[in-house]
Amino acid sequence: MHSPRIDAELLAAHVVGVERGRLGLVPLVDAEVIEEYRALVARRAERIPLQHITGVASMGEIDLQVGPGVFVPRPETELLLAWALAVLEGTAGERPVVLDLCTGSGALALALAHARPDAVVHAVELDPGALAWARRNADTRARDGDTPITLHQGDVTDRGLLTELEGRVDVVVSNPPYIPSGAQLDVEVAEHDPALALFGGPDGLSVITPMVANIARWLRIGGALAIEHDDTNGAQVAAMLAERRVFGDVAEHSDLAGKPRFVVARRVATETEAARAR
Ligand SMILES: C[S@@+](CC[C@H](N)C(=O)[O-])C[C@H]1O[C@@H](n2cnc3c(N)ncnc32)[C@H](O)[C@@H]1O
């Protein structure tokens, strides 16, 4: 959804260095500030994403550095983060192991590490360019006092990935590439988010389907997962999880705009138990 007025206010707030809500309290500004502001508005008018101009996006309580070569974290993902934090509340007193698959800028992994300093957080990203942004963000967060996370370069569909975490993970979160190829996208997305971050094959499930098999390997019994998906794919992702009898408590969730956005489940059985139940 486009919001030119809000974007203009956010750019003004960026230029004068205040929160958007405090803009009305800013006294008259110098001509150079107006010039700088005009230049930023002109860049936004060229459909450059707001977050590429300010260099910042947020997830939960943290800010992330973003720019060309990395996916800009979206508000759509905030409820998935809130779900994961609620699940982690049930693990107080332990050191829960969290795995963020397709981490991009590190948004989910770092927001979780910030909110839960006791968690042991791992994150996986395939694209070296995106991983460089994740490393930059992870270094900044660690310098600011958050518990460091472990970043892995790898393919979340690779059956040999992270064997050391098998049966050890308490919570898996993932916002993978899931847009069906050929979908019409805003210029900001099509021209500025990396294609590898966006498209999930003809049905939007080309990464999710093989990734689900790996998640079954990594989750301990009782561990939980959440996967973000295209708004047309809620029922398919839920069915894919329910079909594998190792998962139970499958539930579909919507995003802040009320669109089907992520599916959650729990690992309830070993592969042997699941095979016996078939
Ligand atoms: C939609 S973006 C989400 C980034 C981040 N999770 C967020 O919510 O802001 C998906 C990310 O998955 C990465 N990716 C795509 N295919 C992958 C794969 N097979 N294995 C690991 N990462 C992958 C992309 O490079 C991109 O950074």
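Atoms within each ligand, like the ligands themselves, are counted from 1 in listed order.
Listed by number with element, the atoms of ligand 1 under 4.0 angstrom from any heavy atom of L196 are 15 (C), 24 (C), 25 (O). Annotation for ligand 1: atoms under 4.0 Å from non-hydrogen atoms of G104 are 4 (C), 27 (O). Listed by number with element, the atoms of ligand 1 under 4.0 Å from a non-hydrogen atom of T103 are 4 (C), 5 (C), 6 (N). Remark: ligand 1 atoms within the under-4.0 Å shell around heavy atoms of D127 are 25 (O). The ligand atoms of ligand 1 that sit less than 4.0 angstrom from a heavy atom of G154 are 20 (N), 21 (C). Every atom of ligand 1 with a heavy atom of D155 under 4.0 Å away is listed here by number and element: 18 (C), 19 (N), 20 (N).
Taking distance alone, with nitrogen or oxygen atoms compared against 3.5 Å, E125 approaches ligand 1 more closely than that limit. Ligand 1 has no nitrogen or oxygen under 3.5 angstrom from a nitrogen or oxygen of A197. Looking at P177 next to ligand 1, no N or O pair under 3.5 Å apart turns up. Considering backbone and side-chain N/O atoms, T157 never comes within less than 3.5 Å of an N/O atom of ligand 1.
In plain terms, the two heavy atoms of A238 and E252 that are nearest each other are CB-OE2, 3.7 Å. The minimum heavy-atom distance between Q153 and L131, with the atom names listed, is CB-CD2, 3.5 Å.
For E228 and R74, the salt-bridge test fails: no basic side-chain N is under 4.0 Å from an acidic carboxylate O. In summary, E35 and R38 engage in a salt bridge, as defined by a charged side-chain N under 4.0 Å from a carboxylate O.
Contacts between L198 and ligand 1 below 4.0 angstrom, taking non-hydrogen atoms only, are absent altogether.
Residue, atom and distance of the protein heavy atom nearest to atom 10 (C) of ligand 1 are N175 O, 3.5 Å. When only non-hydrogen protein atoms are considered, atom 20 (N) of ligand 1 lies nearest to V156 N, 2.9 Å.
Side-chain contact between V171 and P96 is absent, with no heavy atoms from C-beta onward closer than 4.5 Å.
The CD1 atom of I208 sits 9.0 Å away from the SG atom of C102 when rounded to the nearest 0.5 Å. Within the model, atoms CD of E188 and CD of Q51 stand 9.5 Å from one another, a figure rounded to the nearest 0.5 Å.
Aromatic pair F262/H253: ring centres closer than 6.0 Å.
Inspection of the N137 and T140 side chains reveals no N or O donor paired with an N or O acceptor under 3.5 Å.
Of the candidates A109, P210, P176, C102, the one placing a heavy atom closest to atom 23 (C) of ligand 1 is C102.
In this structure, A57 has no heavy atom closer than 4.0 Å to ligand 1.
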